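Working notes, structure below.
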Protein chains: 2
Amino acid sequence: MDDWDRMTLATDVVLMTVADGELWVLLHRRPHDPQAGKWALPGVFVAYPESGEQAVLRALRDKAGLAFDGHLERLDWSWEAGRDPRGWVGCVTYLALEEPATLRAAIGGAPGVALARVAVPWAGETGGPVIVEISGRATRPAFSHAEIIAASIKRLRGKLRWTDIGLALMPPTFTLSALQRTYEVVLGEPLNRITFRRLVRDSLGLIEPTGLLQEDVNHRPAELFRRGRNG
Amino acid sequence: MDDWDRMTLATDVVLMTVADGELWVLLHRRPHDPQAGKWALPGVFVAYPESGEQAVLRALRDKAGLAFDGHLERLDWSWEAGRDPRGWVGCVTYLALEEPATLRAAIGGAPGVALARVAVPWAGETGGPVIVEISGRATRPAFSHAEIIAASIKRLRGKLRWTDIGLALMPPTFTLSALQRTYEVVLGEPLNRITFRRLVRDSLGLIEPTGLLQEDVNHRPAELFRRGRNG
DNA sequence: ACAATAGTGTCTATCAGACACTATTTG
DNA sequence: CAAATAGTGTCTGATAGACACTATTGT
């Protein structure tokens, strides 16, 4: 086997959430070269024999102080000769989703860690560049991380209608209106209220009623739901 | 970089075609250990700085004597500690599609190379095991190659309705009936004739009429089409 | 009573699929 | 003319979306 070339494997994780009608992604400020000082996706090299998922959890812990426990899926991988002068480097990217309250509480005010707002100027699954803002200021993330974030949104939009992936962005209980708002933020377009409710409630087992009602709202309280058997 | 573990990267390619109402996949008989004598997907180790696609073309040339020129896309990637005693090995799989006449002519009667029939006992994109037959005899391919073939069919079925991928299985000119039969073989279910024609002809630019008619058929000859601008 | 949002019954426009028909070739 | 497949006009059933309405809370 020693006569074969060997690759070093790196990971990057796009941890996204939806809050306040916006999409957010977790970035950290790189403390070391290359690209020290720039905002980047958390990532580490994979250390044999750990799995990619384990490497991602390690990255979130080491780079952002986060004990992640939400949705995690492999997004893409690439390797290209000549991109890195240090040799043959491959990169696996992961998409992670978390509910905003948990995420904000977990990162707290940790220095060098931020939730960046992501503006998506394209509709549907067209693809294209995205705008990343930290504290209202447009930022160009390190390496090609902006493209990776864009790819994550494309994947998320593609799976939203056909899978239960959207529930990974919701707190333990939620109203149908809140669920619809989250879907609309991800998709970047308004959805028909009646159709949305029909589809969600007809997907048997996706969500189930808790029997509880919203509280502390100055209008008719909505019914609260939680993830169902198949959600 | 030397303090990081490094991975050897292998490729496997699933080259499929549709002919005689059946799905076929290219296999070769492994001349060396491990698993010498078993039928397997063509594959090689990736030699830096070549790309995965280049490695696949090399595999098809070296293992099957084939100068491949058709549709080629990346299918999946996996690596797992402890699976290979020789160390850290990753494997990228590719899906390749070719029109049957070209493929049969290219491989001719080359020894140790065969087109294996694939029977798919599951409907839609359910997934599950497939049955691989060489010369009418059920065969268990080397390693986990049967699973990789099953994954290819799942991908192919998933993309058939939404992309132009099905055209990669057609000769330069073809009738709408022949195209529909190919779709039906891949999907494993009959399609509505009128709906199929409507969808295909309304996808502007997918296919275009040649103005020619079928010849040497003992019934009304059908119009011949070719891939269009967007096909 | 009014504002605000939740939730629903019913109509309509769209479209995939079914049917029935015509068209064109060989034998 | 019969057989075989190509190709099409029209009806129908399912469903996404629009509209209009009722329901329930706080102020």
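None of the values given here were measured: they were computed from a predicted structure. Below, read A as the first sequence line, B as the second, and so on, with proteins coming before strands; counting in each chain starts at 1.
- Take A:Trp77 and apply the ring pair (Phe, Tyr, Trp, His ring centres under 6.0 Å) test, not counting sequence neighbours, and it matches B:Trp77.
- Heavy-atom distances under 4.0 Å link DNA chain D to B:Ser177 of residues 173-185 of chain B, given in residue order.
- Applying the salt bridge (charged side-chain N to carboxylate O under 4.0 Å, His left out) test to every pair with at least one member in residues 146-158 of chain A, sequence neighbours left out, gives these pairs: A:Glu73-A:Arg155.
- Remark: A:Thr195 engages A:Asn192 in a side-chain hydrogen bond (donor to acceptor under 3.5 Å, both in side chains) (not counting sequence neighbours).
- Taking B:Arg29 as the reference, nothing meets the side-chain hydrogen bond (donor to acceptor under 3.5 Å, both in side chains) condition, with sequence neighbours excluded.
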Throw together a table of side-chain donor-acceptor distances under 3.5 angstrom for residues 183-190 of chain B, partners on residues two or more places apart or in other chains.
unit_1   : atom_1 : unit_2   : atom_2 : d
B:Glu184 : OE2    : B:Gln180 : NE2    : 3.2
B:Glu184 : OE2    : B:Leu191 : N      : 2.9
B:Glu189 : OE2    : B:Arg161 : NH2    : 3.4

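- In summary, contact between chain B and DNA chain C, defined as any nucleotide atom under 4.0 Å from a heavy atom of the protein, begins and ends at C:dA16 to C:dT26 in the 5' to 3' direction.
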What side-chain donor-acceptor pairs closer than 3.5 Å can you find for residues 10-19 of chain A, not counting sequence neighbours?
unit_1  : atom_1 : unit_2   : atom_2 : d
A:Thr11 : OG1    : A:Val44  : N      : 3.4
A:Thr11 : OG1    : A:Val44  : O      : 3.0
A:Asp12 : OD2    : A:His145 : NE2    : 3.4
A:Thr17 : OG1    : A:Glu98  : O      : 2.6

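- Interface residues of residues 208-223 of chain B facing DNA chain D, ordered by number: B:His219, B:Arg220, B:Ala222, B:Glu223; criterion, heavy-atom separation under 4.0 Å.
- In this structure A:Gln214 satisfies the side-chain hydrogen bond (donor to acceptor under 3.5 Å, both in side chains) test with no other residue, sequence neighbours excluded.
- Sorted pairs that involve residues 209-224 of chain A and meet salt bridge (charged side-chain N to carboxylate O under 4.0 Å, His left out), not counting sequence neighbours, are lacking altogether.
- One can place CZ of A:Arg197 at 16 Å from C1' of D:dA16, the figure rounded to the nearest angstrom.
- Of the options B:Arg227, B:Arg201, B:Arg226, a salt bridge (Lys or Arg N to Asp or Glu O under 4.0 Å) to B:Glu208 is made by B:Arg226 and by none of the others.
- In this structure B:Arg117 satisfies the salt bridge (Lys or Arg N to Asp or Glu O under 4.0 Å) test together with B:Glu22, B:Glu133, sequence neighbours excluded.
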